[in-house]
Amino acid sequence: MQSASTHSETGTPNHASDGGDVIPPADNRPVWSLKATYAAMVILPVAAFVWTLFLGRALPEALGVAATTNANILTAQAGLKLPIFLTQIAIIIPTARIFGAVMKRLGQPQVIGEMIAGLALGPSLLGVLWPSGYDWLFPSGTVRFLNALSQLGIVLFMFLVGLELDLSNVRARGRHILVISHAGMAWPLLGGGLLALLLYRNYSTASTSFIEFALFFGCAMSVTAFPVLARILTERGLASTLLGNTAMACAAIADVTAWALLALSVSIERGSGNAATVLWQLIGGAILFLGVMFFAVRRALEFWWRKKIARETAELSRNEFSVVLLLVLLSALATELLNAHAIFGAFV
C-alpha cells in the first residue's frame, strides 16, 4: 500500500493511505498566470467600482426620505434586569439547539439552524406574530446585553479556531490565498457599487454623499461571515485541513480589507479626519500588531512553553490559563481599537 501522499494530474491533493495529513499541492503554473488571474479577478472589478463612484457624482441629490438614527435612543436604554436576561438566555439556547438539530438532520450545518432561530425569535417573526410576547421577552434596550455576551463568546470561539490553523499550509499557498481572498471581495464590492447607483436617490439620507453610500454597500456585500464560516468548517471536520486552512486565511484577509474600507467610509461620513490618514493608521496599526504578536509574543510564549515542558507536564495551571485568557482579550482589544473588530485579535 502506498504510504505517501500523491497528487492527481489536476493538482488535487490526496490523503495518504495511512491517514497522514494533506500535503499542499505543488503549483507549477508560471507567475505571469497568477498575475493575469489577479488582474482579471481583482484589479478589473475594483477599477469598475471606482468608475461607479465617479458615475454616482452625477446622480441627482438624495430625496432624504430614509430614516435617520434617533439620538434619544441611548437615553431610553433600559438597565440590566437579571430575571429578564436569564429568561432570554433560557429561551434562546433550546430554540437554537432545536433549529440546529433540524437543519443537521436535513444535511445542513447546525449554525444555519441557529441563524434561523435568531430570525424566528426576532422582530421578523415573533415580533410580527406575537408583538406583546416579543416586547415582554426583549424589552427596549435589553438586547444590547445579549449582544455583549455574544461578542465575548465569538471572541473565545475565534481563539479556538485560530488554534487549529496550520500556518505552514498558509505559507505554502500564500500567493493563492491573496488572489482568492481579494477576488472573493472585489466582485461583491463592484456589485454593491452598482446597487448603490440604483438605490442612492430613494434610500439615502440627504446628508450622505454617494461615495459614502457606495462604500457602505460595497463593504456590506463583500464582508465574510468569519465566525459562521469557522463554525461550518469545524462542524464538517475541515478546520485543520488544507482546504479549511485556506478558507480561513482567505476569509481573514478579505474581512480585514473590508473592515479597512468600512473604517475609511465611516471617517468620511463622520468627517472625523482625512480618509487617507485614517486608512494608513489602520494599516500601520495592523502591521505593528502582527509584528508584536508574531515576533515578540509568540517567541516569548514558545520560550516559556519549552521551559515548562522541561520541568513538568504539558498542562496549564489555573493561573497560566488566566494569563492565556488575558492575552486573548488584550489581543482582541487591540484589533477592536484599530477598527478591525475584536474577532481578528482573538484569531491571531
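Taking hydrophobic clusters as Ile, Leu, Val, Met, Phe, Trp and Tyr residues chained together by side-chain heavy-atom distances below 4.5 Å, M248 shares a cluster with F294. Cluster membership for Y134 and I91, using ILVMFWY side-chain heavy atoms within less than 4.5 angstrom, is shared. When the side chains of ILVMFWY residues are joined at heavy-atom separations under 4.5 Å, either directly or via intervening members, L137 and L129 end up in two distinct hydrophobic clusters. Hydrophobic clustering (ILVMFWY, side-chain heavy atoms < 4.5 Å, transitive): M221 and W187 are in distinct clusters. In terms of hydrophobic clustering, with Ile, Leu, Val, Met, Phe, Trp and Tyr side chains grouped at heavy-atom distances under 4.5 Å, M158 and V324 are assigned to a common cluster.
Taken from NZ in K35 to CZ in R175, the straight-line distance is 9.0 Å, to the nearest 0.5 Å. In this structure, CG in L229 is found 10.0 Å from CG in L238, a value given to the nearest 0.5 Å. Between the NE2 atom in H182 and the CD1 atom in I253 there is a gap of 6.5 Å [rounded to 0.5 Å]. Rounding to the nearest 0.5 Å places OG of S209 at 11.5 Å from CD of E61. Atom CG of residue L327 and atom CG of residue L301 lie 6.0 Å apart, to the nearest 0.5 angstrom. We find the CG-CG distance between L195 and L190 to be 11.0 Å, quoted to the nearest 0.5 Å.
Relative orientation of the F344 and F226 rings is parallel, given thresholds of 30° and 60° on the angle between their planes. Aromatic ring orientation, F217 versus F213: tilted (interplanar angle from 30° to 60°).
Taking the side chain as every heavy atom from C-beta outward, L329 and L333 never approach each other to under 4.5 Å. Residues L34 and H176 form a side-chain contact, since some pair of their non-hydrogen atoms from C-beta on lies under 4.5 Å apart. You'll find the side chain of L149 reaches within 4.5 Å of the side chain of F85, heavy atoms only. Between P139 and I84, the closest side-chain pair of non-hydrogen atoms falls below 4.5 Å. Inter-residue side-chain proximity for V328 and L330 is flagged as unmet; no heavy-atom pair is nearer than 4.5 Å.
Summarising the local packing, NZ of K104 is surrounded by 12 or fewer heavy atoms from other residues, nucleotides or ligands at distances under 6.0 Å. Sparse packing is recorded around CD of E315, with 12 or fewer heavy atoms of other residues, nucleotides or ligands lying under 6.0 Å away. Within 6.0 Å of CH2 on W305 lie more than 12 heavy atoms contributed by other residues, nucleotides or ligands. Open room surrounds CH2 on W130; 12 or fewer heavy atoms of other groups in view lie less than 6.0 Å from it. Open room surrounds CE on M115; 12 or fewer heavy atoms of other groups in view lie less than 6.0 Å from it.
No side-chain donor-acceptor contact under 3.5 Å links S222 to the backbone of L189. Formation of a donor-acceptor pair under 3.5 Å by the N245 side chain with backbone atoms of T241 is found in this model. Formation of a donor-acceptor pair under 3.5 Å by the E336 side chain with backbone atoms of A342 is found in this model.
Checked by atom type, the side-chain pair D166/S168 shows a donor-acceptor distance below 3.5 Å.
Every pair passing side chain to side chain donor-acceptor pair (under 3.5 Å) that includes a residue from residues 228-238 is listed here, sequence neighbours excluded: E114-R231, R231-E235.
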